[in-house]
Amino acid sequence: MIYESHDTAAPTATRPRLLPWSNLDGNPCYLLTDGTGTSRLSRMADDVEAVQLDMAGDLLDHAADLLGDGKATAPQLRFLAARLTESLHDVHRVARSRGDRLSVPDDDEVLEEGPGT
């Protein structure tokens with residue numbers, strides 16, 4: 001699903017942004033914006049990404065505690081593995097989305113700066 005801005009004053013759209021959620025069928029959702037990241041949906045996506053990253057950090061802390069507990073049961077560990085898998089999926093999507101939005105210099109810009117600068 002692609003959400004497209006209908007703002008007639010917006011400049012030409014940049015690459016679609018991968019949003020941090022899926023549609024009802026589990027397919028990725030993308031957002032076409034002017035690239036400023038100031039639209040309401042862009043800010044909402046930023047907020048959801050921040051929550052996902054915070055939750056991943058909390059889950060890692062919980063995993064360290066549970067794995068350090070010699071009395072942790074197999075069902076507890078399976079539940080932890082399932083939540084870690086979900087969290088890793090979310091964090092991977094955030095990383096892909098943010099990586100796709102990084103500016104990549106043109107070959108001419110790289111040559112002008114010279115190698116290693």
Side-chain angles (χ1 to χ4, degrees):
M1 176 180 297
I2 296 180
Y3 293 99
E4 186 173 354
S5 172
H6 297 286
D7 183 359
T8 57
T12 307
T14 60
R15 281 184 264 169
R17 174 184 178 170
L18 176 63
L19 294 172
W21 53 79
S22 301
N23 67 14
L24 295 176
D25 296 326
N27 296 318
C29 294
Y30 293 89
L31 173 66
L32 297 175
T33 68
D34 61 4
T36 63
T38 59
S39 73
R40 182 175 179 179
L41 196 53
S42 287
R43 290 190 315 270
M44 182 187 303
D46 291 340
D47 292 343
V48 170
E49 286 179 354
V51 168
Q52 289 173 331
L53 294 174
D54 287 344
M55 288 173 57
D58 293 343
L59 185 56
L60 284 173
D61 291 341
H62 176 65
D65 292 342
L66 188 60
L67 293 172
D69 181 0
K71 295 180 183 180
T73 65
Q76 288 175 315
L77 294 173
R78 278 194 297 277
F79 184 79
L80 174 65
R83 300 300 73 79
L84 286 169
T85 301
E86 292 168 357
S87 182
L88 182 58
H89 174 76
D90 290 342
V91 169
H92 182 254
R93 186 193 322 241
V94 170
R96 283 188 7 239
S97 177
R98 291 182 181 185
D100 288 347
R101 289 181 278 144
L102 291 175
S103 62
V104 178
D106 294 333
D107 289 339
D108 294 339
E109 292 175 12
V110 172
L111 292 175
E112 288 174 10
E113 293 177 11
T117 54

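Sequence positions, counted from 1, serve as the residue numbers for this chain.
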Q. Looking only at heavy atoms, what is the nearest atom pair of Pro20 and Gln52, with distance?
A. O-NE2, 3.1 Å
Q) Counting distance only, does the side-chain N/O of Asp25 pair as donor-acceptor with the main-chain N or O of Asn27 below 3.5 Å? A) no
Q) Closest heavy-atom contact between Trp21 and Ala45? A) CZ3-CA, 3.9 Å
Q: Report the hydrophobic cluster partners of Met55, with the cluster defined as I, L, V, M, F, W, Y residues connected by side-chain heavy atoms closer than 4.5 angstrom, directly or transitively.
A: Val51
Q) Hey, what do you get for CG (Asp46) to CZ (Arg17), rounding to the nearest 0.5 Å? A) 4.5 Å
Q) Partners of Arg83 by side chain to side chain contact (heavy atoms under 4.5 Å, CB included), sequence neighbours excluded? A) Leu59, Phe79, Glu86
Q: Please identify each residue that fulfils salt bridge (charged side-chain N to carboxylate O under 4.0 Å, His left out) with Asp100, with sequence neighbours left out.
A: none
Q. Transitive ILVMFWY cluster of Leu102 at side-chain heavy atoms under 4.5 Å: who else is in it?
A. none
Q | Nearest-0.5 Å distance, CG of residue Leu53 to CG of residue Asp58 | A | 11.0 Å
Please output the side-chain donor-acceptor pairs of residues 63-75 that fall under 3.5 Å, not counting sequence neighbours, one pair per line with the distance.
from, atom 1, to, atom 2, distance (Å)
Asp69, OD1, Lys71, N, 2.9
Thr73, OG1, Gln76, N, 3.3
Thr73, OG1, Gln76, OE1, 3.2

Q. Side chain of Ser97, backbone of Leu18: donor and acceptor closer than 3.5 Å?
A. yes
**Q.** side-chain hydrogen bond (donor to acceptor under 3.5 Å, both in side chains) partners of residues 87-96, not counting sequence neighbours, each pair once
**A.** Ser22-Arg93, His89-Arg93
